[in-house]
Amino acid sequence: MKLQKLIAVAVTTCFMLSSQAAETKIDAVAAIVNNGVVLDSEVSDMVARVKKNAAAQNQTLPSDRALRTQALERLILNNLQMQMAKRMGLQITDPQLDETIENIAREQKMTVTQLRAQVVQEEGSYELFRERLREEITTGEVLRANVQRRIYVSPQEVDTVLKLMEQQGASNEQYNIGHILIALPSEPSAEQMKEAEDKAKKVLELLRSGSDFKKIAIASSSAETALEGGDMGWMNINEMPTLFADQVRGKKKKDLIGPLRSGAGFHILTIFDIKGANVVEFEEVNARHVLIKPSIILSDEKAKNMLTTFVKDFKAGKADFAEFAKTHSEDPGSKLKGGELGWADPAKYVTSFRNTLATLKKGEISEPFASEFGWHVIQLHDRRTVDATAEKKREQAARLIFNRRYNEESSNFLRELRDQAYIEILADAE
């Protein structure tokens, strides 16, 4: 018997309750994923959350069978990324998770206690919420680490996007795009190609006859945004995959686009909404920081305490920021400069770093806080609002290209990760 089969049998057996009369199965394996499994209860929980969110937004949904198929696919990808995180030695610690939750509460203008009460009221279990958030952060880091190294932005590409930005003018439109993907295997046969194309055309016919885009996306799409109704969020046209940008430009709200053919399959798009974004001015911050990374030798708690002591000494005039950074900081880009980051757009920093910067006044130093990289303290030197100078425009253009590539390469990475894995979906889980 294969190792994967043995795992499935073992896990299923663990969820059997014995009695003198009979055995009652309370959980089962929905899919085998390499040497791991996705449980039926996990699929049911995800379907329940999707239904609850849809009800809150008055969003119609496809059949339970279609929902379970999409939920299972999402859980398979999450499982594969968590397996990769383990191989990478990537772990989100409790203090890092606590810091993220504090940031979420701050963004929603509530305390952590209030957020916890809201989670318990809406979801029932705060502990499950924490673990889902931990998994979300972890899979996000796996994606970032593996996708970033695939992307190179050339000076010539920046020049091209700059010309487009100048043609569009200062008011840069943002599009909220809906996306449905009818996927193809890596090396499709002519029959598979025809089948996928026919399915894409039928989906488009349904949409043109008035069917709800989000409902159809949940039922039919193979994109990673399927359970969100295909919603890709707000994007500048230069951040979209090139195939999409060429077709979206000039289109109106609620227009349908496609089917568009790519290596991944056939794509159908819609424009949920359009808005203008003024990009003439930017806020920049000038700051310095220290980064301490927990390790086998230095525990998470000791890393935080080390920075807590430093902040206390710095405020008392007993410690020099630059000297401490040069001695202890583990950020190679700023360590030798005494932690100096220089003037920068806050958008370039990770969420917890950016949010902490936003709370600081000129000259103020933060308390220690966690990010996916470790523990930080920041001191804000100053803020300024600057015009979109030539250098700033080049930075923006490079970031737009990077974001576009990131969207494209993320899909490629997840497809490759799945293609290379051993996956068996059990018949009664479909």
Taking the side chain as every heavy atom from C-beta outward, state whether [X] and [Y] have any pair of such atoms under 4.5 Å apart.
X: Ile401; Y: Glu239; result: no
X: Leu204; Y: Pro259; result: yes
X: Asp331; Y: His289; result: yes
X: Val38; Y: Ile425; result: no

| query | Can you pull the ring pair (Phe, Tyr, Trp, His ring centres under 6.0 Å) pairs that have at least one residue in residues 65-84, sequence neighbours excluded? | reply |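 Those involving residues 65-84 do not exist here.
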
| Verdict with supporting geometry, Gln81 and Asn78, side-chain contact (heavy atoms from CB on, under 4.5 Å) | CA-CA 5 Å; Gln81 290 175 88; Asn78 286 353; 4.0 Å; yes

| field | Under the side chain to side chain donor-acceptor pair (under 3.5 Å) test, residues paired with Glu73 that sit two or more places apart | value |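 Partners of Glu73 by the side chain to side chain donor-acceptor pair (under 3.5 Å) criterion, ordered by chain and then number, come out as Arg418.
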
| said: Restricting to side chain to side chain donor-acceptor pair (under 3.5 Å), what partner residues turn up for Glu195, sequence neighbours left out? | reply: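 If we apply the side chain to side chain donor-acceptor pair (under 3.5 Å) test to Glu195, skipping adjacent residues, there are no hits.
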
| field | Residues Arg150, Glu409: salt bridge by 4.0 Å N-O rule | value |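 A salt bridge links Arg150 with Glu409.
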
| Centre of Trp234's six-membered ring, under 6.0 Å away, within 45 degrees of the axis: is that where NZ or CZ of Lys275 sits? |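 The answer is yes; both the distance and angle limits are met.
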
| said: If the condition is salt bridge (charged side-chain N to carboxylate O under 4.0 Å, His left out), which residues does Asp246 pass it with, not counting sequence neighbours? | reply: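 Residues passing salt bridge (charged side-chain N to carboxylate O under 4.0 Å, His left out) with Asp246: none at all.
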
For residues 260-270, please give each side-chain donor-acceptor pair under 3.5 Å, one per line with the distance, not counting sequence neighbours.
{"unit_1": "Ser262", "atom_1": "OG", "unit_2": "Ala264", "atom_2": "N", "d": "3.1"}
{"unit_1": "Ser262", "atom_1": "OG", "unit_2": "His267", "atom_2": "NE2", "d": "2.6"}
{"unit_1": "His267", "atom_1": "ND1", "unit_2": "His179", "atom_2": "NE2", "d": "2.8"}
{"unit_1": "Thr270", "atom_1": "OG1", "unit_2": "Asp255", "atom_2": "O", "d": "3.0"}

| Could you give the distance from CE (Met88) to CG (Asn146), rounded to the nearest 0.5 Å? |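 One gets 5.5 Å once the value is rounded to the nearest 0.5 Å.
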
Expected list for residues 208-219: side-chain donor-acceptor pairs under 3.5 angstrom, two or more places apart:
{"unit_1": "Ser209", "atom_1": "OG", "unit_2": "Glu205", "atom_2": "O", "d": "3.3"}
{"unit_1": "Ser209", "atom_1": "OG", "unit_2": "Leu206", "atom_2": "O", "d": "2.7"}
{"unit_1": "Ser211", "atom_1": "OG", "unit_2": "Leu206", "atom_2": "O", "d": "3.1"}
{"unit_1": "Asp212", "atom_1": "OD2", "unit_2": "Gln59", "atom_2": "NE2", "d": "2.6"}
{"unit_1": "Asp212", "atom_1": "OD2", "unit_2": "Lys214", "atom_2": "N", "d": "3.2"}
{"unit_1": "Asp212", "atom_1": "OD2", "unit_2": "Lys215", "atom_2": "N", "d": "2.9"}

| task | Please state whether the rings of Phe373 and His376 are parallel, tilted or perpendicular, taking 30° and 60° as the class boundaries. | result |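 Perpendicular, since the angle between the ring planes exceeds 60°.
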
